[in-house]
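Have a look at the structure below, then the notes.
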Amino acid sequence: MEGYLFWRLILQIFFIAYRGPVGYSHEVQKDLQYNPKNQPHRTAYHFQPPKNWMNDPNGPMYYKGIYHLFYQYNPYSAVWGNISWGHSVSYNLVDWIHIEQAINPTEPYDINGCWSGSASILPGGNPVILYTGSDFRNRQVQNIAVPKNLSDPYLREWIKSDHNPLMTPMNGIDPQFFRDPTTAWEGPDKIWRVVVGSQIKGHGTALLYQSRDFVKWTRSHRPLHFSNKTAMWECPDFYPVSVDGINGLDTSVQGTGTKHVLKASFNDRDYYIIGTYEPETDTFSVNPDFMDSNVKLRYDYGIFYASKTFYDSAKRRRILWGWVLEADGEPDDVNKGWSGLQSLPRSIFLDKTGKQLSQWPIEEIETLRRKEVNLQNKEIKGGTMFEITGITASQADIEVSFHLRNLDEAELMHPEWLDPQFLCSEKNAATGGVIGPFGILALASKDLTEHTAVFFRVFRGHDSYVVLMCSDQNRSSLREEVNKSAFGAFVDVNPVEKISLRSLIDHSIIESFGGEGKTCITARVYPKLAIGNESHVYVFNNGTESIRISNLSAWSMKRAQIFPLHKRRKPEID
Ligand SMILES: *[C@@H]1O[C@H](CO)[C@@H](O)[C@H](O)[C@H]1NC(C)=O
Ligand SMILES: *[C@@H]1O[C@H](CO)[C@@H](O)[C@H](O)[C@H]1NC(C)=O
Ligand SMILES: *[C@@H]1O[C@H](CO)[C@@H](O)[C@H](O)[C@H]1NC(C)=O
Ligand SMILES: *[C@@H]1O[C@H](CO)[C@@H](O)[C@H](O)[C@H]1NC(C)=O
Ligand SMILES: *[C@@H]1O[C@H](CO)[C@@H](O)[C@H](O)[C@H]1NC(C)=O
Ligand SMILES: *[C@@H]1O[C@H](CO)[C@@H](O)[C@H](O)[C@H]1NC(C)=O
Ligand SMILES: *[C@@H]1O[C@H](CO)[C@@H](O)[C@H](O)[C@H]1NC(C)=O
Ligand SMILES: *[C@@H]1O[C@H](CO)[C@@H](O)[C@H](O)[C@H]1NC(C)=O
C-alpha cells in the first residue's frame with residue numbers, strides 16, 4: 001500500500017506540473033479510475049480510454065514486439081461524435097499505455113469522422129491502415145494511412161496518403177452503406193484483396209476489392225459474399241482458421257488445412273459463418289449461410305459488437321476484440337464521463353467439431369490472478385447455494401466444472417423452443433427446474449436483492465441432451481433505467497461428461513465462457529448495493545436434482561496498468 005500512496009503523490013505532482021502537448025486531448029486531471037464511491041462501474045482490468053466515448057476496436061496489430069489497439073473515439077465527450085482513432089500500445093495485451101490519437105478528421109475525405117478500419121502488415125513488415133472517412137459530403141470513402149516514423153516503437157504519428165480517397169462509392173454503391181475495410185490478404189497471384197461492408201439492393205454484402213500496390217484498388221465484379229436475409233453488414237472480418245489445432249493463421253494463409261470465417265455485424269450482433277475459400281476464383285462456399293438454420297452462430301450471445309480479429313505472429317494465435325456497449329442510458333454515460341469497453345482479448349479458433357468457433361481469454365489475463373480459493377468434489381443439493389469467500393468478488397476470475405450424476409429426470413425439450421434467449425427469460429434463475437438452473441450469482445448483494453445469475457439448464461431432447469446457458473440480469477440492479485433483458489444460447493457439450501463455466505467479473509461487466517469457450521455471453525450490469533467490498537459471489541442450484549462441483553478455482557484479480565504514457569512508471573514500460 002505504501003508503494004501505491006507514494007505513486008499517488010508522484011502522480012499528483014504530475015497533475016500540477018503537466019500541461020500536455022498541444023492537440024493531446026486526454027486531459028490528465030480528468031482521468032477516471034475505479035472508485036466505489038464515485039466510479040463504482042469503471043472496470044479494473046478491461047480496456048478503457050482515460051475518459052469519454054469509445055466504440056469499435058480498430059486496426060489491432062502486433063508490430064516489432066508491441067501490440068497496438070486503435071479504437072473509435074470521441075475526444076470531446078461520452079456520447080458518439082467527432083470520431084477519431086484513439087491509440088494505445090501494450091507489451092502484454094493486459095497493461096496499456098494510452099498515446100495520442102493516431103488519425104483525426106482533418107481532410108475533406110474524412111472531415112466528418114474517421115470511422116472503422118483495419119491494419120495490414122505488408123511484405124517487409126510495414127504496417128498500413130485502411131479506414132473509412134465520412135467526407136465533406138457525408139459520403140463514406142476508404143482511405144489509407146501509414147506510420148510517419150517506423151523507428152518510433154509506438155508508431156505515434158500516422159500520415160494520410162495524397163492518393164486518398166482510394167475507394168469511393170460508385171456504380172450502385174450507396175454512399176451511406178460503404179464502410180469498415182478488413183485486414184487485407186494476398187492471393188497466390190500476389191494481388192491483395194480487401195473486403196468492405198455494404199448493402200446492395202437491401203442485402204448485406206461483402207464487397208471485394210483488389211490491388212497490386214495497395215493504392216489503386218479495383219472492385220471485383222462479384223462480391224465475396226452477400227445475403228438476402230440480412231441488411232447492411234458492418235465491420236466484416238474474413239480470415240483463415242486451422243482445421244486441426246488451435247494455432248492462429250496469418251490472414252494471407254489459404255488452401256489445405258484451412259477453413260475461412262466471415263463475420264458480419266448486423267442487428268446489434270456479431271454473426272459468423274464458416275466455409276471454404278478458393279482464392280483463384282475468390283469464391284467462398286458456406287453451408288449453412290447467415291440466418292439459414294436454427295443455429296445462428298455468434299461470437300457472443302450477450303453484448304458484443306463490431307468486433308475484429310488480428311493474427312499475433314509472436315504467439316501464433318488469432319485474437320478477437322469486441323466492443324461491449326453500455327446497457328445504461330446516455331445521461332448515465334455523461335454522468336460517468338465515459339461509455340464503452342473492449343472485451344478481454346480472446347484467442348479464437350475452430351472448435352474440434354469443425355462446426356463452430358471457440359474462444360478463450362488470452363493466457364496473459366491469468367497473470368492478474370492473485371488470492372486463490374479452491375475446492376473439489378462438493379455436492380450442491382437442489383435448492384441450495386453457498387458463497388465463495390476469500391476473494392474480491394467484484395474483481396474476480398472464476399472457473400468451475402459441474403458433474404451431473406443423474407440425467408434421467410431431465411425435463412423434456414420441446415421442439416418449438418428454438419430461441420434460447422427467449423427460453424432464458426421464460427425459464428430464468430428464479431424458475432425452478434430439475435437439472436438446473438445451476439451456476440453462479442455474480443455481483444450479488446449479501447441479501448441477494450441484487451445479483452446476476454449465470455447458469456445452465458439441461459433438457460432431454462429428441463436424441464440427445466440439450467444444454468442451455470443463460471445470463472439473467474433481471475435482478476442485477478435496483479436501478480430502473482438499465483436494460484436487464486436476459487441472454488442465452490445452447491452449448492454443444494455432452495452433459496454426461498461435464499459442464500464448465502468460466503466467468504470474469506469486473507465491476508460492471510461479466511464475461512462468461514461455457515463449455516470451455518464454445519458459448520460466450522457478456523453482460524453489463526450496474527449494481528447499486530453489490531459494489532466494491534459489498535459484492536459477493538455464490539454458487540447455486542435451483543433444480544431438484546443434486547449436482548456436484550468436480551473442481552472450482554476462484555481468484556481475486558489485480559488491477560491492470562492502463563494509463564496515459566506520462567502517468568506510467570518507467571520499469572513497467574521497459
Ligand atoms: C464535436 O466537437 C465540437 C468541438 O470541436 C463540439 O462543439 C461538439 O459538441 C462535439 N460533438 C460531440 C457529439 O461530441
Ligand atoms: C524516429 O523515431 C526514433 C525513435 O523514437 C527517433 O530517434 C527519431 O528521431 C525519429 N525520427 C524522426 C524523423 O522523427
Ligand atoms: C436469396 O438468395 C438465394 C441465393 O443466394 C436465392 O436462391 C433466393 O432465391 C434469394 N431469395 C430472394 C427472396 O431473393
Ligand atoms: C430459486 O428458486 C426459489 C423458488 O422458486 C426462488 O425464490 C429463488 O429466488 C431462486 N433463486 C435464485 C437465485 O433465483
Ligand atoms: C434491451 O436489450 C435487448 C437485448 O440486447 C434488446 O433486444 C432490447 O431491444 C433492449 N431494450 C431496450 C429498451 O433498449
Ligand atoms: C424480470 O422478472 C419479472 C418476474 O419474473 C418479469 O415480470 C420481468 O419481465 C422480468 N424482466 C426482464 C427484463 O426480463
Ligand atoms: C469496504 O470499503 C469501504 C471503503 O470503500 C471501507 O470503508 C470499509 O471499511 C470496507 N469494509 C470492509 C468490511 O472491508
Ligand atoms: C482445478 O482447476 C484448476 C483451474 O483450472 C486447475 O489448475 C486444477 O488443476 C484443477 N484441479 C483438478 C483436481 O482437476
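Just so you know, ligand 1 is whichever comes first in the structure, and atom 1 is the first atom listed for that ligand.
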Has the side chain of Arg179 got a donor or acceptor atom that lies under 3.5 Å from a matching backbone atom of Gln176?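 Between the backbone of Gln176 and the side chain of Arg179 there is a qualifying donor-acceptor contact (under 3.5 Å).
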Who are the side-chain contact (heavy atoms from CB on, under 4.5 Å) partners of Cys424, not counting sequence neighbours?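 side-chain contact (heavy atoms from CB on, under 4.5 Å) list for Cys424, sorted by chain: Leu468, Cys470, Ala486.
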N/O to N/O below 3.5 Å, does that happen between His451 and ligand 4? no
When you measure from the centre of the six-membered ring of Phe386, is the NZ or CZ of Lys378 under 6.0 Å away and within 45° of the axis? yes
Are Arg317 and Trp360 in a cation-pi contact, defined as NZ or CZ under 6.0 Å from the six-membered ring centre and within 45° of the axis?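 Geometry flag: not set, cation outside 6.0 Å or 45°.
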Leu441 and ligand 4 - part of the residue with a heavy-atom distance under 4.0 Å: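 Within the 4.0 Å criterion, Leu441 contacts ligand 4 through side-chain atoms alone.
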Could you list which atoms of ligand 6 come closer than 4.0 Å to a heavy atom of Lys484? 13 (C)
Just the distances, no angles: every ligand 8 N or O to protein N or O pair closer than 3.5 Å, one line each.
unit_1: ligand 8; atom_1: 2 (O); unit_2: Asn551; atom_2: ND2; d: 2.4
unit_1: ligand 8; atom_1: 5 (O); unit_2: Glu399; atom_2: OE1; d: 3.2
unit_1: ligand 8; atom_1: 11 (N); unit_2: Asn551; atom_2: ND2; d: 2.8
unit_1: ligand 8; atom_1: 14 (O); unit_2: Asn551; atom_2: ND2; d: 3.1

Test of proximity, Asn474 against ligand 6: N or O pairs below 3.5 Å: yes
Would you say the side-chain atoms of [X] and [Y] include a donor-acceptor pair closer than 3.5 Å?
{"X": "Gln342", "Y": "His46", "answer": "no"}
{"X": "His507", "Y": "Thr43", "answer": "no"}
{"X": "Trp323", "Y": "Gln72", "answer": "no"}

Taking the six-membered ring for Trp, are Tyr538 and Phe540 closer than 6.0 Å centroid to centroid? no
Would you please indicate yes or no on a ring centroid separation below 6.0 angstrom for Trp321 and Tyr67?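 Centroid distance Tyr67-Trp321: not below 6.0 Å, so no.
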Which atoms from ligand 4 have a heavy atom of [X] less than 4.0 Å away?
{"X": "Ala430", "value": "2 (O), 5 (O), 10 (C), 14 (O)"}
{"X": "Ala429", "value": "12 (C), 14 (O)"}
{"X": "Asn542", "value": "1 (C), 2 (O), 3 (C), 8 (C), 10 (C), 11 (N), 12 (C), 14 (O)"}

